[in-house]
Undergrad: 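Dropping the structure in here first, questions after.
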2 protein chains.
Amino acid sequence: MTKLKVDLIADNLMAIHPLLYKSISKPLRSKTSITPGGMFVMDSLKRRGMLSMSDIGKCLSMPKPHITVIVDKLIDEGYVVRHNDSNDRRIINISLTDKGLIDFEDIKKSLSETLKSKLVLLNDQELEQLSEASQKMKEILISILSRE
Amino acid sequence: MTKLKVDLIADNLMAIHPLLYKSISKPLRSKTSITPGGMFVMDSLKRRGMLSMSDIGKCLSMPKPHITVIVDKLIDEGYVVRHNDSNDRRIINISLTDKGLIDFEDIKKSLSETLKSKLVLLNDQELEQLSEASQKMKEILISILSRE
DNA sequence: TATAATGGTTACAAATATATAACTATTGTT
DNA sequence: AACAATAGTTATATATTTGTAACCATTATA
């Protein structure tokens, strides 16, 4: 019973994934020099605040050496900064800069412009439904998928 | 007004994208030899039936040479086959094999097993909400994002 | 028939992602 | 003090993705 519901959910998520990939990751690269990985890191920082290198890796299930590469590039571009941890000198915390935050928002706005050209095809009721459905999905997925 | 709603939707989609990436694309690689790109192609074929090489590229916004590489690999593994088009001999149509369809479903089932370990944290009401929200999102996104 | 356009492949280069091991510095434990 | 464990980096190799140009076969058009 719930088994079927879980399979249905998995099926829906599998269908949504390539659509988001196509309408988010792809247009991204024509708009900025930020890579998808860099965008994921900035999204985590925006959403959860300052994070250590290891925390970022856990958030995104990425190996630490990859995080180092991504963060190095984001630092070169002035989007994030390193902070030494006062309690544990092994730890390096990363946070968004003002420029990083502003550019991140700009990119999202730019993406919503692209999306808007598609969304105008929806009537008010569908727009409302998509707004509510995406909001609900975001909340539930964050609650179960974004830990550890 | 609707401007704000569009931005909200974009924000939600941007938040959902990395969660799906983490819980779908990543676990995929430990379970199969199929690459994310190959999975996207098989998903398109499952959803839309036989497609030409160019059609697949349009579906996924991928350049044709990349499709050739992905399809070559899927053929090596016996997941898809090429068909000559009887009307236009330039066109090569691709379809899933029985093995491709079965393995694709198996992988999705395997992914839903992984997901299920997370979804048990939800109560019946949340499960129902996620089921409905993902269903609605899938329908609307497909209707506006999967053309051309 | 000559030409342009289309569908697909091949070849190549560059960027990005993945994975592993080795290494330094620091901390925690005995 | 000796040791193991943790956080992060460096180095290296490989896989995947992205992008471009050139090419062949076929079809459409002038």
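Convention: sequence-line order gives letters A, B, ...; per-chain numbering from 1. Side chains are part of it too, since the values below use all heavy atoms of this structure and drop only hydrogens, waters and symmetry mates. In this text the structure is predicted, and so the values were computed from the model without any measurement.
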Undergrad: Return the nearest nucleotide to the side chain of B:Arg82; candidates are C:dT18, D:dA7, C:dG8.
TA: C:dG8
Undergrad: Can you tell me how far P of D:dT17 sits from CG of B:Leu60, to the nearest Å?
TA: 11 Å
Undergrad: Taking only side-chain nitrogens and oxygens of B:Thr68, does any of them come within less than 4.0 Å of OP1 or OP2 of C:dT9?
TA: yes
Undergrad: Between atom CG in A:Asp55 and atom C1' in D:dA7, what is the gap in whole Å?
TA: 11 Å
Undergrad: If Ile, Leu, Val, Met, Phe, Trp and Tyr residues are connected whenever their side-chain heavy atoms lie under 4.5 Å apart, and connections chain through other members, are A:Ile107 and A:Met42 in the same group?
TA: yes
Undergrad: Does B:Ser54 make a side-chain N or O approach to OP1 or OP2 of C:dG8 shorter than 4.0 Å?
TA: yes
Undergrad: So, are B:Glu128 and A:Lys5 salt-bridged, with charged N and O less than 4.0 Å apart?
TA: yes
Undergrad: Are the side chain of B:Thr97 and the backbone of B:Gly100 linked by a donor-acceptor contact shorter than 3.5 Å?
TA: yes
Undergrad: Report the residue (A:Pro36 or A:Ser86) whose heavy-atom-nearest nucleotide on DNA chain C is the more 5′ of the two.
TA: A:Pro36
Undergrad: Nearest-Å distance, CG (B:Asn84) to C1' (C:dG8)?
TA: 12 Å
Undergrad: Look at A:Lys26 and D:dT17 and indicate whether a side-chain polar atom (N or O) is within less than 4.0 Å of OP1 or OP2.
TA: no
Undergrad: In whole angstrom, what separates A:Arg89's CZ from D:dT9's P?
TA: 16 Å
Undergrad: From D:dT9, D:dT26, C:dT16, pick the nucleotide closest to the side chain of A:Lys73?
TA: C:dT16
Undergrad: A:Gly37 or A:Asp88: which one's nearest nucleotide on DNA chain C is closer to the 5' end?
TA: A:Gly37
Undergrad: When you match A:Val71 and B:Arg90 each to their closest nucleotide on DNA chain D, which lands nearer the 5' end?
TA: A:Val71
Undergrad: Describe the nucleic acid contact of A:Pro65 in one word from base, sugar-phosphate, nothing, applying a heavy-atom distance below 4.0 Å.
TA: base
Undergrad: Between C1' on C:dG7 and CD1 on B:Ile94, what's the gap in Å once rounded to a whole number?
TA: 12 Å
Undergrad: Given atom CD1 of B:Ile92 and atom P of C:dG7, what is their separation to the nearest angstrom?
TA: 13 Å
Undergrad: Indicate, with a heavy-atom threshold strictly under 4.0 Å, whether B:Tyr21 touches base, sugar-phosphate, or nothing.
TA: sugar-phosphate
Undergrad: State plainly whether the residues A:Lys109 and B:Asp7 are in salt-bridge range, i.e. N to O under 4.0 Å.
TA: no
Undergrad: Take the protein atom NZ of A:Lys64 and the nucleotide atom P of D:dT12, then report the distance between them rounded to whole Å.
TA: 20 Å
Undergrad: For the residue pair B:Pro18 and A:Asp43, what are the closest heavy atoms and their distance?
TA: CG-OD2, 3.8 Å
Undergrad: The side chain of A:Pro63 is closest to which nucleotide in this list: C:dT27, D:dT20, C:dA19?
TA: C:dA19
Undergrad: Please report, rounded to the nearest Å, how far the C1' atom of D:dT17 is from the CD1 atom of B:Ile67.
TA: 11 Å
Undergrad: Please tell me which of the listed nucleotides, C:dT16, C:dT6, C:dG8, lies nearest to the side chain of B:Ile91?
TA: C:dG8
